[in-house]
Amino acid sequence: MRRYLIGVIMLALIATGGVAAATRTGTPDITGFITDEHGRALILHGFNTASSAKSTPDAHPDFTEADLDRELRDMGTNFVRYLIQWRAVEPEPGVYDDDYLREVSQRVQWYAERGYHVMLDMHQDLYGGHITPEGDAGNGAPHWATIMDGLPVESQDQWEMYYLEPGVIRAFDNFWNTTGRHPELMEHYAAAWGHVAEYFADEPAVLGYDLMNEPWGGTLQGAAFETGPLATLYQSSIDRIRQHDPDSWIFVEPQAVGINWGLPSSLPRLDDPRDGDARIGYAPHLYPLPLDLGGRYDTDGDLIDTTMNWWLDNIQRTAQRLDAPILLGEFGYDATLPGTLDYIEATIRLTDENLMGWAYWSRDPGGWGPYTGDGVAQPLTSVLDRAYPRAVAGTPTLIDYQPDRLAVSFIGSPEVVAPTEIYLPTEFGSRPSASCGDCAVEWDDQRRILSVTTPAVATEQHIVVTR
Ligand SMILES: CN(C)c1ccc(C(=O)NC[C@H]2N[C@H](CO)[C@@H](O)[C@@H]2O)cc1
């Protein structure tokens, strides 16, 4: 049955022109970079932290400062897609819980003190916890915004199937105002983002905001959804954020269904009213359909590679339309299955080749995660512990990682005088050497970061670090 489904999907993807990208050649289609306050291009490596925030009463992830120290020591990450919940931000209509935001801020400080960049993800799955009386399915929206008009939600063994329940579809249709009866819900959501941005506008560690996790259009799907209420919500949220926060990056996601798998998105370009260059980022997720159907990279690797290339071509096409840099907001799989570590490595190699950052799904303990529930490191940590350029003093043109060396090339800039920072795992030893032409090199053995200062000129710079 699974093979049949995969065959049908291949035909569908071929029909949509996806197969045209099966054999990618040439230089990557780069649509800009996420930059820091020094003008450096950021290559972000980190985790979604954490799925547990969906169900904890206080909406904070089960994650401690010691957990972060372990992650930094073991994998040298510099980024977090940090899950927050609308239910906690706005527990009653127009009433914001600043105690919750203060508690979020305390956790943001953990990251700030360790040089991380934080993206706040207004996370939802299945609309919200109030789609079932037990609160055991969805997460995100508060009770007052969950309007199902009495339609049923039957218990489901597979969590994704809740999305097809009449009550859940109606909750989404009321939120998107597809019913025409609740325009206030999207207005509340955008205003909540305005309040969050007002709270964090002066927090330098907060890189930006991911406006909605994996949007679902209810009865409205595809282009009608993405160019309709989804674009409307994004634009009103951007406008609300920019009333308080002129400089943070604002990230948008396509609808999850189809695009996670490799199909094209119709998301339209959005306007950033800030002074200066737009700071809108595109943050799609990657879950190749053959894996979603229960495949494994050791047995279905060729098809997975093909769909990953379709995914790449389609997200780059959307990013060009949005004129936005790409950040892979989620990817991951059951790391206890044969082949998964090779899949994860292949995904990270794809992000290197296309000069994009990523957030692994997720930081939670368990088969997909880097640690067991007892904090014991899993083999996944070794795959994710990989040399990479955290910040680049210009426009990156190459990231080429091999087990014994890392090559980074970029076009320098007179406006960027801060050094290029490269994280090196312990395999590179405590005295790594770099060839970098006319440059100055500084090694921080504690943080395992090599700082390379190159001429601030608009010529191509090449750094090669060897073990
Ligand atoms: C039917 N719909 C709308 C649907 C189905 C499946 C996913 C999904 O697997 N998403 C991938 C991962 N992302 C979330 C967190 O953002 C995780 O719970 C999923 O494993 C999303 C939407």
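Start at 1 and go down the list; that is how both ligands and their atoms are numbered.
- Of the residues listed (E65, E71, Q109), the one engaging R114 in a side-chain hydrogen bond (donor to acceptor under 3.5 Å, both in side chains) is E65, and it is the only one.
- Side-chain contact check for E198 and Q243: no donor-acceptor pair (N or O, by modelled atom type) lies under 3.5 Å.
- Annotation: ligand 1 has protein neighbours K54, H123, D125, W159, E160, Y163, N213, E214, W216, V257, N260, Y287, E330, W361, each with a heavy atom less than 4.0 angstrom from the ligand.
- For the residue pair Y116 / T77, a side-chain donor-acceptor distance below 3.5 Å is found, with atom types taken as modelled.
- With hydrogens and angles left out, the side-chain atoms of Y209 and D245 include a donor and acceptor closer than 3.5 Å.
- Across all non-hydrogen atoms, the minimal contact from A224 to P229 is O-CD, 3.7 Å.
- Qualifying salt bridge (Lys or Arg N to Asp or Glu O under 4.0 Å) partners for R321, counting only residues two or more places apart in sequence or in other chains: none.
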